[in-house]
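All ligand and atom numbering here is 1-based and tracks the order in the structure. Everything quoted here is computed from the prediction, not taken from an experiment.
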Amino acid sequence: MLHDNLSINQLGHLTFAGVDTVDMAKKYGTPLMLIDENRIRQRVRTYVGAMKKYFGEDAAPLYASKALCFKGIYKIVAEEGMSVDIVSPGELYTAAQAGFPLKKAYFHGNNKTDEDIAYGMDLGIGYFISDGYEEIDSIDRIAGEKGIKQRVLLRLTPGIDPHTNAKISTGKVDCKFGTPIETGQAEKYIAYTLTKQNIELMGFHCHIGSQVFDTEPFCDAADIMIKYIAHIEKALGYHASILNLGGGIGVRYVESDPYIDIDENLRLVSEHIKMRCEEFGVKMPTILMEPGRSTVADSGMTLYTVGTVKSINDYKSYVSVDGGMTDNPRYTLYGSKYTMMVANKANQPADFKCTIGGRCCESGDLLAEDIYIQKPQRNDLLAVFVTGAYNYSMASNYNRIGRPPIVIIKDGADRLAVRRETFEDMVLRELD
Ligand SMILES: *Cc1c(COP(=O)(O)O)cnc(C)c1O
C-alpha cells in the first residue's frame, strides 16, 4: 500500500486509519472525505521536533493552512504547538473562530487589501509577510492609526527554479509573488521598509514552490538568502533576525514518487544553513518553514460511488463517479496523478484500465486517465488516496454540486467535522 494508514481487511475492503471505508461510506454517504487525525498530529510533531532539534529552540514550522482549511484543523495544529500561515481574511476568520492563538499566525498573500490589513491587526495577528510597496505603505499607515508597531517579514524571490509544475513554482524572478533579489529591487524595498515608523522589520521570506522532493532547491534558496542577509548587513546595517524558507516539501501520491524522510531533510538543510552562516559570517537567523501539503496530504482520502461504466469500442473505458473537479480540481488544474482503488473489491486484481470522470458538465472534469483499478460496476466505491491537501480547500460547488463532508478518524473512532453542503446552503445567500 502507498502509505501505512491504508490496508485491506478480511472482507476484502480497504481500510483507512484502521476503519473500514465501506462502513464509512454507508454511514456518511459519498463523496466523502476522511481525515486521519493521528497522522496529522504525528506529522506536526515531526516538524515541530525536527525544527527545534536542528535549527534551535526558536525555530518553528508554520502550517500553510490553505492546504486544508476548516476550524478543526486549526484546533489540532494549535494543540500541537504549531504556528500557521494564512493567506486571506477568510482563513484568518476561520482560525480565530477555532480559537487559534493569532500571535502565532503569519498573514501571507500577494494582494492584501487595506480592510484585510486592518482586520488582521484588530485580531492581533503576529506577523504580516508583505509583498510590495503598497502593502508596506498600508501596513505602516494602518498600524499608525491603531497606535501599534506591526511585525513584518518581506517576501523576496531568490530566483530559483525548483523544477516542479510551472503553476506551483513561485521562486523565480518572473513571478507574481515577491520582490526579486537579482534585479536590485529587493534592497530598495528593504531600505524603504526600514524608514517606516510603525513597522518592525523582522526578516525575510521566500517560497520556491510546491511538491519538491529534493533538498537541493531548499539548500540553494538558503544559500542565496544567507548570502543576501550578509550583504544587507553590510549595505544597510540591518540584521534579519528571521529567515522563513517557505513550504514545498513533496508528498508521495503514486508509487513512483519517493518517500520523504522529513526529519532527515530538515537535518540536511540545517547543516547547509549553518555552514553558510559561518562562511558569510552572519548570526544564524531564526528559521521558519511553511509545510502545507506534507502536513496533511496523506492524512486524507476521498470515497466516491461509481455510477456509469462506459466502454467505447476501440477507444477506452470511462468510469464516472459522484464527485470530481468540484471536490478535487487538481487533475484538471495541474494533471496531478493519484492512486485509486475500488474500496469494496480491494483484494481483487487491479487489471481494468480506465479513465475516471467526475459528474460535472465538462469533458475536462477528470480525476485520472488510463489508470488501472479493480473492474468496477455501479454502486461500487472508488477510493482516491492522498487527498488531504488542496482538495477540500480548492473545492467549489460548480453545477451546484455540494462540497463533501469531512469525517475525522481518531483511534478507530469517526466523527463528523464538516457536514455535507446541502441544496439549502447553495441558495442561502440568494435574496429572492
Ligand atoms: C502554498 C504555500 C506554502 C505551502 O506549500 P506546500 O507545498 O503545501 O508545503 C507555503 N508558503 C507559501 C507562501 C505558500 O504560498
Side-chain angles (χ1 to χ4, degrees), residues 40 43-44 46-48 50-51 60-69 73 77 82-88 90-92 95 104-112 125-132 135 152-158 160-172 175-179 203-215 217-218 221-222 225 242-253 257-258 260 262 265-266 269 287-300 328-330 333-334 336 386-394:
I40 293 184
R43 230 0 101 62
V44 171
T46 300
Y47 269 114
V48 172
M51 291 291 295
L62 326 180
Y63 168 55
S65 59
K66 69 176 195 256
L68 175 63
C69 177
I73 202 88
V77 167
M82 195 177 190
S83 303
V84 295
D85 110 32
I86 60 104
V87 295
S88 73
E91 288 182 0
L92 183 55
K104 293 171 75 172
Y106 292 69
F107 201 151
H108 254 295
N110 64 306
N111 186 18
K112 306 169 197 70
I125 197 163
Y127 299 80
F128 282 85
I129 301 184
S130 169
D131 203 337
E135 278 190 11
V152 166
L153 301 178
L154 301 182
R155 182 164 183 165
L156 307 180
T157 36
I160 297 262
D161 184 353
H163 300 293
T164 181
N165 187 311
K167 288 179 192 163
I168 53 175
S169 170
T170 53
K172 293 184 288 183
C175 179
K176 79 167 182 176
F177 297 107
T179 301
F204 309 135
H205 166 275
C206 68
H207 171 69
I208 53 176
S210 198
Q211 196 56 350
V212 180
F213 286 104
D214 226 349
T215 51
F218 294 103
M225 297 305 289
I242 294 178
L243 173 59
N244 181 337
L245 290 170
I249 290 182
V251 161
R252 189 165 200 243
Y253 285 96
D257 288 334
I260 292 207
I262 290 169
N265 262 40
L266 295 193
V269 175
I287 303 291
L288 308 178
M289 287 181 110
E290 301 172 326
R293 188 190 306 276
S294 55
T295 311
V296 292
D298 60 12
S299 299
N328 182 0
R330 291 188 67 252
L333 270 173
Y334 318 118
S336 306
V386 195
T387 58
Y390 305 111
N391 274 227
Y392 188 78
S393 61
M394 284 187 163

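Of the possible polar contacts, none joining the E290 side chain to the N244 backbone as a donor-acceptor pair under 3.5 Å is found. Of the possible donor and acceptor atoms, one in the side chain of D131 sits under 3.5 Å from a partner among the backbone N and O of G178. Y63 places a side-chain N or O within 3.5 Å of a backbone atom of L68 that can act as its donor or acceptor partner.
The closest approach between any non-hydrogen atom of A67 and ligand 1 is not below 4.0 Å.
Of the options S210, G178, P61, the smallest heavy-atom separation from atom 7 (O) of ligand 1 is shown by S210. Of the listed options A297, S65, A64, A64 places a heavy atom closest to atom 4 (C) of ligand 1.
Both the backbone and the side chain of E290 come within 4.0 Å of ligand 1, counting heavy atoms alone. Neither the backbone nor the side chain of F177 has a heavy atom within less than 4.0 Å of ligand 1. Looking at D85 against ligand 1, only its side chain comes within 4.0 Å, counting heavy atoms.
With ligand atoms numbered from 1 in the order given, ligand 1 contributes 13 (C) to contacts under 4.0 Å with heavy atoms of R155. Within the listing of ligand 1, atoms 9 (O) sit less than 4.0 angstrom from a heavy atom of P291. The contact set between ligand 1 and Y390, taken as ligand atoms under 4.0 Å from a residue heavy atom, comprises 1 (C), 4 (C), 5 (O), 6 (P), 8 (O). Residue G247 approaches ligand 1 through these ligand atoms, each under 4.0 Å from one of its heavy atoms: 9 (O), 10 (C), 11 (N).
In this structure, the side chains of N265 and I260 come closer than 4.5 Å at one or more pairs of heavy atoms. Using a 4.5 Å heavy-atom cutoff, the side chains of I208 and P158 are in contact.
For the pair R252 and F213, the cation-pi criterion (under 6.0 Å, within 45° of the ring axis) is not fulfilled.
Residues K66 and D85 are not paired through a salt bridge, judged by the lack of any N-O separation under 4.0 Å between the basic side chain and the carboxylate.
Here's the thing with G292: one of its N/O atoms is less than 3.5 angstrom from an N/O atom of ligand 1. Checking only distances, G209 never comes within under 3.5 Å of ligand 1, N or O to N or O. Considering backbone and side-chain N/O of K66, one or more are found under 3.5 Å from N/O of ligand 1. Considering backbone and side-chain atoms alike, R293 places an N or O below 3.5 Å from some N or O of ligand 1.
Under the side chain to side chain contact (heavy atoms under 4.5 Å, CB included) test applied with I129, the options H207, E135, R155 reduce to a single match, R155.
Distance OG/S210 to CD1/I249: 10.5 Å, rounded to 0.5 Å.
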